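All of these numbers come straight from a predicted model, not from anything done at the bench. To find a chain, count down the sequence lines: A is the first, B the second, and so on, and within it residues start at 1. Reckoned from all heavy atoms, side chains included, excluding hydrogens, waters and symmetry mates.
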2 protein chains.
Amino acid sequence: MTATSQAEYKAKARIIKALAHPTRLFIVDELSRGERCVCELTDMIGVEMPTVSRHLSQLKNVGILEDEKRGAQVFYRVRVPCVLNFFKCVEAVQSNGKCP
Amino acid sequence: MTATSQAEYKAKARIIKALAHPTRLFIVDELSRGERCVCELTDMIGVEMPTVSRHLSQLKNVGILEDEKRGAQVFYRVRVPCVLNFFKCVEAVQSNGKCP
DNA sequence: TAGACATTTAGCTAAATGGCGAAGTGCTGC
DNA sequence: GCAGCACTTCGCCATTTAGCTAAATGTCTA
């Protein structure tokens, strides 16, 4: 593995890692149905707002989500919808191995 | 988020987490071109064999890879090819956000 | 059966991660 | 202007992760 391709795998891994957490997976799934503000997501998830905020930052920093401030609230939405395809493939891994 | 769906997200996150590492991403990419034994992969990657073996175990444990022992060697291959689609989507995240 | 090779497992350490509460920032409405 | 809400950042701690070396397991061949 060359130094260059090593750096490329690292960059890609960083994006996948952003999805590799139950709470962040829930967030992406929920936002696939439309934008939500941080407080709405916090109500749905069982953790404190600072924690939710940090999960959202991670997803935004790698480019999966984008945010928009409207008044005192910040609304998040999915910027790259194809990440939702991950769910189907993950289900294939979980069950029979037959890809969709 | 109900306890049930929490458990489901956790199970899915575990699979995605298995992919969320540069070395494991390289392994999956390399095995997409055909099976390889542990020593071949170790030669390509710049880390010790025990480390490679543990990466392989993680990918196998979640069901992404399967292995076959032939003589003294163990060959690994991809069990669920659709995980390769992740690469294209990750590239979309990296660039313009346009899904493939 | 002994020695060499391929792989996995175990034990250790350093670094990263995820949670919390407290504190800081910024907008809104009184 | 200040009280209150929405959100982010900070500092802390517990847990997990990834690497290493050493040791264990399994296979082949002389």
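Counting any heavy atom pair closer than 4.0 Å across all strands shown, B:Tyr76 reaches sugar-phosphate atoms only and no base atom. Using a 4.0 Å heavy-atom cutoff across all strands shown, B:Arg24 reaches sugar-phosphate atoms only and no base atom. Looking at heavy-atom distances under 4.0 Å, B:Glu40 makes no contact with the nucleic acid at all. Within the 4.0 angstrom heavy-atom criterion, only backbone atoms of the sugar-phosphate kind lie near A:Lys17; the bases stay farther away.
Rounded to a whole Å, the NZ atom of B:Lys60 is 13 Å from the C1' atom of C:dT9. Distance CG (B:Leu56) to P (C:dT7): 10 Å, rounded to an integer number of Å. The separation between B:Arg54 atom CZ and D:dA22 atom P is 17 Å, rounded to whole Å. Whole-Å rounding puts the A:Phe75 CZ to D:dT8 P distance at 12 Å. Rounded to an integer number of Å, the gap from OH of B:Tyr9 to P of C:dG18 is 18 Å. B:Arg36 places its CZ atom 17 Å from the C1' atom of C:dA6, with the value rounded to the nearest Å. Atom CD in B:Glu68 sits roughly 18 Å away from atom C1' in C:dT8 (whole-Å rounding). To the nearest angstrom, P of C:dC12 lies 20 Å from CD of B:Glu48.
For the atom pair CD of B:Glu30 and CD1 of B:Ile27, the computed distance is 10.0 Å after rounding to the nearest 0.5 Å. Interatomic distance, SG of A:Cys89 versus CD1 of B:Ile64, reported as 8.0 Å (0.5 Å rounding).
Residue B:Ser53 has its side chain nearest to C:dT7 when only C:dG26, C:dT7, D:dT21 are considered. Nearest nucleotide to the side chain of A:Met49, out of D:dT27, D:dT8, C:dG26: D:dT8. Checking C:dT7, D:dT8, C:dC20 against the side-chain heavy atoms of A:Val74 singles out D:dT8 as nearest.
Looking at A:Val74, A:Val38, A:Leu59 one by one, the single match for side chain to side chain contact (heavy atoms under 4.5 Å, CB included) with A:Asp67 turns out to be A:Val74.
Side-chain N/O atoms of B:His55 include none lying less than 4.0 angstrom from OP1 or OP2 on D:dT17. The shortest distance between the side-chain N/O atoms of B:His21 and the OP1/OP2 oxygens of C:dA16 is not below 4.0 Å. Regarding contacts with the backbone of C:dC20, a side-chain N or O of A:Thr51 is found under 4.0 angstrom from either OP1 or OP2. OP1 or OP2 of C:dG18 lies within a sub-4.0 Å distance of a side-chain N or O belonging to A:Gln58.
The main-chain N or O of A:Met49 is never found under 3.5 Å from a side-chain atom of A:Ser53 such that the two would form a donor-acceptor pair.
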Requested in this report: Could you walk me through whether A:Arg24 and A:Val28 pass the side-chain contact (heavy atoms from CB on, under 4.5 Å) test, one step at a time?
Outcome: CA-CA 6 Å; A:Arg24 294 195 291 269; A:Val28 170; 5.7 Å; no
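Both A:Gly71 and B:Ser57 lie close to DNA chain C; mapped to their nearest nucleotides by heavy-atom distance, the more 5′-ward contact belongs to B:Ser57.
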